[in-house]
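Chain naming here is simple, since letters A, B, ... match the order of the sequence lines and numbering starts at 1 in each.
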There are 2 protein chains.
Amino acid sequence: MPPTTGQRVPIAALERLATYHRHLLDLEQERITTISSASLETHTGIPAAQFRKDLSYFGEFGKPGVGYEVSHLRESIARILRMDREQRVLLVGAGNLGAALVGYPGLKEQRLRLVAVFDNNYAKIGRRLWDMQILDVATLTEVNREMRAGIGIIAVPRQAAQGAADALIAAGVRAILNFAPATLRVPPGVMVRNVSFVQELAVLSYHLASLDGEDVTTPDYSNVENYEV
Amino acid sequence: MPPTTGQRVPIAALERLATYHRHLLDLEQERITTISSASLETHTGIPAAQFRKDLSYFGEFGKPGVGYEVSHLRESIARILRMDREQRVLLVGAGNLGAALVGYPGLKEQRLRLVAVFDNNYAKIGRRLWDMQILDVATLTEVNREMRAGIGIIAVPRQAAQGAADALIAAGVRAILNFAPATLRVPPGVMVRNVSFVQELAVLSYHLASLDGEDVTTPDYSNVENYEV
DNA sequence: TAGATTGTTAATCGATTAACAATC
DNA sequence: TAGATTGTTAATCGATTAACAATC
């Protein structure tokens with residue numbers, strides 16, 4: 001579902017859409033059929049006005065005076081985020097993190113299908129990782145000629161990250177989730193999302209210090225705590 | 001190092017500080033002793049003006065006409081983010097993801113020390129995870145009376161996430177890195193950072209669709225690709 | 001109908017970018 | 001000194017929040 005308004009959609013709005021989707025699934029389970037933006041605010045912690053604004057980029061999904069039909073809204077958001085169809089994903093890196101990702105049940109639940117796992121370590125190539133066989137990263141392009149995955153996950157050490165990105169892009173991947181602490185160079189049209197544990201912990205570490213009274217001019221974090229990233 | 005200006009420090013600025021730190025480590029390795037904000041822009045992809053602005057919250061670190069002394073700047077940023085001292089961290093959840101985190105070398109490199117691992121599954125309690133013994137989550141408060149960790153990582157299934165958060169907070173933890181796809185309720189003063197693989201992949205999935213020409217009014221992503229999160 | 005709640009416009013807020021005087 | 005580059009102020013940009021007319 002494309003934006004209907006022609007306005008730019010903030011990436012933060014897309015992230016929140018994924019959060020709404022998750023909470024709507026909960027509501028479906030609880031057999032709640034209708035919800036207002038105000039009561040969704042109490043669930044998610046995201047302001048009602050922001051919820052309505054986020055949806056407005058894509059159309060009208062509620063009824064004034066009534067609210068939103070839970071399952072209809074959930075399906076609409078799934079369609080917007082393409083969570084209503086299978087997305088094929090390649091994984092580069094069969095280390096600890098790669099293993100955790102292959103075993104993560106959340107991916108299947110969101111219709112994300114890991115179709116191949118690659119590594120460059122000959123000690124690992126040919127072995128199994130759960131139900132997947134680890135393939136030689138040199139065969140990535142060839143393999144993806146068949147698989148046609150559009151998303152790649154990089155879970156390799158920093159030094160290997162750019163090479164992994166280049167291989168993925170050469171194979172037609174246009175969206176990369178990067179777990180390596182590296183700044184990837186990619187051509188226009190390729191989106192990279194970085195996940196950095198250390199960066200997250202650095203922010204938390206700074207926050208701790210600001211609580212310790214070391215910091216007289218503590219920044220105002222009053223509303224950060226309950227906030228969904 | 002507290003903010004010296006009394007201005008609020010944007011969280012995004014703290015995240016970028018962690019990125020600068022990583023690149024400065026690289027420069028030290030390459031025996032580069034001085035760098036300007038402009039040449040750092042080419043390394044990190046973050047605009048020079050933003051780099052200078054981010055630093056300005058904390059003081060003056062460069063010399064006009066010259067640039068920044070690499071190791072001095074790196075040490076200053078480490079001090080700001082408290083990466084110059086050991087931070088003790090508790091981990092709740094000894095599943096696949098927990099195992100990957102315990103084995104992740106990046107934590108030690110940033111002086112983050114995992115001091116205890118907890119689980120509520122009696123099949124796991126008492127077993128070893130790498131060099132750590134898995135402890136009963138019921139003992140968390142007691143254990144932390146000794147350990148005094150200020151940071152907690154939640155790597156449990158969604159249903160157990162709020163309970164894990166409550167246990168961590170009761171034990172004095174004031175900063176939480178949450179990998180569970182749940183919105184945690186925490187009291188004021190406790191900071192939560194959420195890491196959501198599925199959310200990241202949802203954004204990527206949307207981006208893919210916007211490339212497919214399904215979307216005539218594609219939002220402007222022209223400068224997103226090379227950007228550091 | 002009266003009350004509730006949406007979708008959207010306008011106002012506010014905050015972060016990024018640009019420009020430049022100060023300074024090495 | 002002349003050239004380079006900082007730190008900071010002001011301008012721009014974009015996202016969030018508030019307000020409210022439309023509508024069920």
*Please determine, for the side chain of Ser56(A), which listed nucleotide (dT8(C), dT5(D), dC24(D)) has the closest atom?*
dT8(C)

*Strictly by modelled atom types, are Asp54(B) and Gln50(B) linked by a side-chain donor-acceptor pair under 3.5 Å?*
no

*Return no unless some side-chain N or O of Tyr68(A) is found under 4.0 Å from OP1 or OP2 of dG7(C).*
yes

_Spacing of His72(A) atom NE2 relative to dT6(C) atom P, expressed in whole Å_ = 15 Å

*Counting only heavy atoms not in Gln29(B), do more than 12 sit closer than 6.0 Å to its CD atom?*
no

*Could you verify whether a donor N or O on one side chain and an acceptor N or O on the other, from Gln199(B) and Thr19(A), lie under 3.5 Å apart?*
yes

*Reckon Arg16(B) has a side-chain N or O less than 4.0 Å from the OP1 or OP2 of dT16(C)?*
yes

*Taking for each residue the nucleotide of DNA chain D with the nearest heavy atom, is it Gly65(B) or Lys53(B) whose nucleotide lies nearer the 5' end?*
Gly65(B)

*Can you tell me how far P of dT16(C) sits from CZ of Phe51(B), to the nearest Å?*
15 Å

*Which whole-number value in Å describes the distance from Gln50(A) CD to dT5(C) P?*
20 Å

*Atom CG of Asp54(B) to atom P of dT8(D): distance rounded to whole Å?*
13 Å

*Give a yes or no on whether a salt bridge exists between Arg74(A) and Asp26(A), defined as a side-chain N under 4.0 angstrom from a carboxylate O.*
no

*Just to confirm, is there a sub-4.0 Å distance from OP1 or OP2 of dT6(C) to any side-chain nitrogen or oxygen of Ser37(A)?*
yes

_Assuming nearest nucleotide by heavy-atom distance, tell me which of Gly62(B) and Ala13(A) is located more 5' along DNA chain D._
Gly62(B)

_Nearest listed nucleotide, side chain of Pro47(B), among dA18(D), dA22(D), dT17(C)_ = dT17(C)

*Between Ser39(A) and Ser36(A), does any side-chain donor sit less than 3.5 Å from a side-chain acceptor?*
yes

*Within this structure, what is the CD-to-C1' distance between Glu41(B) and dT16(C), rounded to whole angstrom?*
13 Å

*Counting side-chain heavy atoms from CB outward, which of dT6(D), dT17(C), dC20(D) is closest to Arg52(B)?*
dT6(D)

*Expressed in angstrom and rounded to an integer, what is the separation of Ile11(B) atom CD1 from dT16(C) atom P?*
12 Å

*Looking for any heavy atom pair under 4.0 Å, which part of the strands does Ala12(A) touch: base, sugar-phosphate only, or nothing?*
sugar-phosphate

